[in-house]
Every structure is written in structure tokens, then in C-alpha cells.
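Only heavy atoms go into these numbers, but all of them, side chains included; no hydrogens, no water, no symmetry mates. On a predicted model such as this, the values are computed, not experimentally measured, just so you know.
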Amino acid sequence: MPTLHTYDYAVIRVVPRVEREEFINVGVIVSCPGAKHLQAAIEIDPVRMQAFAPSLDLEALQPWLDAIVAICRGEATAGPIAQLPARARFHFLTAKRSSVVQMSSTHVGRTADPEALVEHLMNKMVRLLEVRSREP
């Protein structure tokens, strides 16, 4: 029987106009302490983002999103936060903020495969399913 690990995750959101509280999911952060796993993945659909927020500067936004991934990886270039223990980095990243980049509430689950979890959550929470047209 595979070992089940408890994990926490949050969805990374872009909120172009904070006062309106409208957002698009662009990534996920997963923390699985038992497997010593902390990972973030981000994907922006530029066409969808342009339709949602035409005045949003994606080039200016990208470094902020890249920093989330770098902090999760513990990269030295990501500053002192990236040198904290993995759980502290997860809690720092998922803290409530009133900014263009925000996180959902954290959610808990169990998995036997922490490595595959990020891809699963990206498919479920970020990527759009292809819309199939019905044939008459």
C-alpha cells in the first residue's frame, strides 16, 4: 500500500483591479512536508488575460510570479525569504494580500504522489478544458 502524504495547496490568482475582486487563476503552490516537497507552477494564457484585463502589463507582472517559483525552490537569488524552511516559505507566500497577485485560501488533501500533484492541480484549477462543439 502506498504511503499517503498530507499536503496543503493554494491557487495563485491575478487580480487586475483589487477593488473589484475579480481574478483569473494562473498557478498553484503545493506544500507536502512529509515528502519534503514545496513547488509552484504558473501558466498565463495571454489571450485570456488580454480579454479579461486589457490594460494589465504582463511584462511587469511576470517578475512577481517568477519570484513565487524561485522562493519555493529556495533559490539564493530570491532573497532571504527563500532561505527559510519550506513550511515558512509556504505560509509567507499564501498570506493574505491586497495586491494584483493573490492566493486563494489554503486547502488540504492526501496524496501518494506529491510530484504529480502540481500537474493535477494545474489541470483542475488553472487550465481551461477544451470546449468540444456538439455535432447536430
Side-chain angles (χ1 to χ4, degrees):
M1 184 166 179
T3 302
L4 290 178
H5 298 281
T6 301
Y7 67 88
D8 303 282
Y9 78 92
V11 179
I12 302 165
R13 299 171 169 169
V14 171
V15 187
R17 293 180 54 197
V18 176
E19 69 278 8
R20 290 180 59 104
E21 297 183 1
E22 298 170 335
F23 59 86
I24 290 182
N25 294 343
V26 297
V28 296
I29 301 175
V30 174
S31 173
C32 186
K36 297 184 170 135
H37 184 80
L38 177 62
Q39 183 180 359
I42 296 172
E43 289 179 15
I44 295 178
D45 179 338
V47 173
R48 185 173 176 224
M49 191 63 74
Q50 175 67 25
F52 180 68
S55 64
L56 182 66
D57 183 349
L58 287 179
E59 286 184 31
L61 180 66
Q62 195 61 52
W64 297 98
L65 298 171
D66 292 343
I68 293 168
V69 174
I71 289 170
C72 285
R73 290 182 182 153
E75 294 177 8
T77 58
I81 298 298
Q83 305 314 305
L84 294 173
R87 283 303 280 176
R89 286 182 272 153
F90 178 76
H91 289 299
F92 172 82
L93 290 169
T94 59
K96 292 286 181 200
R97 291 177 175 78
S98 180
S99 65
V100 173
V101 177
Q102 297 182 18
M103 306 298 158
S104 71
S105 300
T106 57
H107 306 279
V108 179
R110 294 181 59 127
T111 184
D113 189 359
E115 296 289 330
L117 189 56
V118 169
E119 187 68 15
H120 167 75
L121 289 170
M122 288 294 288
N123 285 332
K124 184 176 179 181
M125 306 302 291
V126 177
R127 297 177 183 133
L128 294 178
L129 298 175
E130 289 184 34
V131 179
R132 296 187 177 112
S133 61
R134 296 183 187 186
E135 295 189 22

Across all chains, not counting sequence neighbours, the side-chain hydrogen bond (donor to acceptor under 3.5 Å, both in side chains) partners of Arg73 are Glu75

Subject >> Residues which pass side-chain hydrogen bond (donor to acceptor under 3.5 Å, both in side chains) with Arg127, listed by chain and number, not counting sequence neighbours >> reply: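 side-chain hydrogen bond (donor to acceptor under 3.5 Å, both in side chains) list for Arg127, sorted by chain: Glu43, Glu119, Asn123.
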
Quick note, salt bridge (charged side-chain N to carboxylate O under 4.0 Å, His left out) partners involving residues 90-100, not counting sequence neighbours, are none

Do [X] and [Y] share a hydrophobic cluster, counting only Ile, Leu, Val, Met, Phe, Trp and Tyr and linking them when any side-chain heavy atoms are less than 4.5 Å apart?
{"X": "Leu117", "Y": "Met122", "result": "yes"}
{"X": "Val118", "Y": "Val11", "result": "yes"}
{"X": "Val69", "Y": "Val14", "result": "yes"}

How long is the straight-line distance from SG of Cys72 back to CD of Gln39, given to the nearest 0.5 Å?
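Spacing of CD (Gln39) from SG (Cys72) equals 8.0 Å.
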
* **Spatial distance of atom CD1 (Ile12) from atom CG (Leu65) [nearest 0.5 Å]** =>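 If I round to the nearest 0.5 Å, the distance is 7.0 Å.
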
Without placing hydrogens or testing angles, list every side-chain donor-acceptor pair under 3.5 Å for residues 107-115, not counting sequence neighbours.
from   : atom 1 : to     : atom 2 : distance (Å)
His107 : NE2    : Ser105 : O      : 3.2
Thr111 : OG1    : Asp113 : N      : 3.0
Asp113 : OD1    : Glu115 : N      : 3.4
Asp113 : OD1    : Ala116 : N      : 3.4
Glu115 : OE2    : His37  : ND1    : 3.3

Identify every side-chain donor-acceptor pair in residues 44-58 under 3.5 Å, counting partners at least two apart or on other chains, and give the distances.
from  : atom 1 : to    : atom 2 : distance (Å)
Asp45 : OD1    : Val47 : N      : 3.1
Asp45 : OD1    : Arg48 : N      : 3.2
Asp57 : OD1    : Glu59 : N      : 3.1
Asp57 : OD1    : Ala60 : N      : 3.2

For residues 75-96, the ring pair (Phe, Tyr, Trp, His ring centres under 6.0 Å) pairs (sequence neighbours left out) are none

Checklist line | Side chain Arg13, main chain Met103, donor-acceptor under 3.5 Å | finding: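 No; zero donor-acceptor contacts below 3.5 Å.
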
Looking only at heavy atoms, which two atoms of [X] and [Y] are closest? And how far apart?
{"X": "Ala70", "Y": "Ala82", "value": "O-CB, 4.4 Å"}
{"X": "Ala10", "Y": "Thr106", "value": "CB-CG2, 4.3 Å"}
{"X": "His5", "Y": "Cys32", "value": "CB-SG, 3.3 Å"}
{"X": "Leu84", "Y": "Arg89", "value": "O-NE, 2.8 Å"}
{"X": "Val18", "Y": "Ser98", "value": "CG1-OG, 3.3 Å"}
{"X": "Ser99", "Y": "Val15", "value": "O-CB, 4.1 Å"}

message: Who clusters with Leu4? Use side-chain heavy atoms, under 4.5 angstrom, across I, L, V, M, F, W and Y, and order the result by chain and number.
response: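 The other cluster members (ILVMFWY side chains, heavy atoms under 4.5 Å, direct or chained): none.
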
Side-chain atoms of residues 21-31: list all donor-acceptor pairs with protein atoms under 3.5 Å, sequence neighbours left out, distances to 0.1 Å.
from  : atom 1 : to     : atom 2 : distance (Å)
Glu22 : OE1    : Arg20  : NE     : 3.1
Glu22 : OE2    : Arg20  : NH2    : 2.9
Asn25 : ND2    : Met125 : O      : 3.0
Ser31 : OG     : Arg87  : NH1    : 2.8

